[in-house]
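Data first, discussion second: the structure below is written as structure tokens.
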Amino acid sequence: MGLRVGGVSEDFRKQVLGYGLTTAQILYRMPDHPSLLQTYVWQNYDIFPRFPVLSDFLAFWQERLDGPLHSVTVAHSKLIKPTELRAVDGVFRLH
């Protein structure tokens, strides 16, 4: 849970500014065994479709960490979300 500022969480403030919860599955090669892939799951609030927070994290990864990136799969509420259900007032019949 994010920090609270004035009774409102930082996560809520980000959502009001247009951020949405973003999850990235990052596959990277093991530094000592490049033929093996390892998974890292990253989750933070970010802005669709440019994902500046994720881009900064991936830039940090490439500059500072030894495991080369293989692939990144991103999920965001604007990419995937459950269908909305609503009540129907009538019944329509087709013959």
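Note that CD of E63 is 8.5 Å distant from CZ of F60, once rounded to the nearest 0.5 Å. In this structure, OG on S35 lies 8.0 Å from CZ on R29, to the nearest 0.5 angstrom. In this structure, the separation between CD1 on I47 and NE2 on H76 is 8.5 Å, given to the nearest 0.5 Å.
Nearest heavy atoms, Q43 versus T23: NE2-OG1, 2.8 Å. Of all the heavy atoms in L21 and Y45, the pair that sits closest is N-CD2, 3.6 Å. A pairwise comparison of heavy atoms in S55 and R50 identifies OG-O, 3.7 Å as the closest pair. The heavy-atom pair separating T39 from Y28 by the smallest distance is C-CE2, 4.2 Å. Closest approach of A24 to L54, counting heavy atoms only: CB-CD1, 4.0 Å.
Residues V41 and I26 are members of separate hydrophobic clusters, defined by side-chain heavy-atom contacts under 4.5 angstrom among Ile, Leu, Val, Met, Phe, Trp and Tyr. Note: the hydrophobic cluster containing L37 does not contain V72 (ILVMFWY, side chain heavy atoms under 4.5 Å, direct or indirect links). Taking hydrophobic clusters as Ile, Leu, Val, Met, Phe, Trp and Tyr residues chained together by side-chain heavy-atom distances below 4.5 Å, L69 shares a cluster with F51.
A donor-acceptor distance shorter than 3.5 angstrom exists from the side chain of W61 to the backbone of G67, with no hydrogens or angles considered. In this structure a side-chain-to-backbone donor-acceptor pair under 3.5 Å is missing from D46 to T22.
The aromatic rings of Y40 and F57 lie parallel to each other, their planes meeting at an angle below 30°, with 60° marking the opposite boundary.
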Take Q38 and L27, measure what side chain to side chain contact (heavy atoms under 4.5 Å, CB included) needs, and give me the verdict at the end.
CA-CA 6 Å; Q38 182 73 24; L27 289 178; over 6 Å; no
M30 vs D66, test: side chain to side chain contact (heavy atoms under 4.5 Å, CB included). Steps then yes/no.
CA-CA 8 Å; M30 299 289 291; D66 292 333; over 6 Å; no
Which is it for D11 and Y19 under the side chain to side chain contact (heavy atoms under 4.5 Å, CB included) test, yes or no, and what are the steps along the way?
CA-CA 9 Å; D11 293 342; Y19 285 72; over 6 Å; no
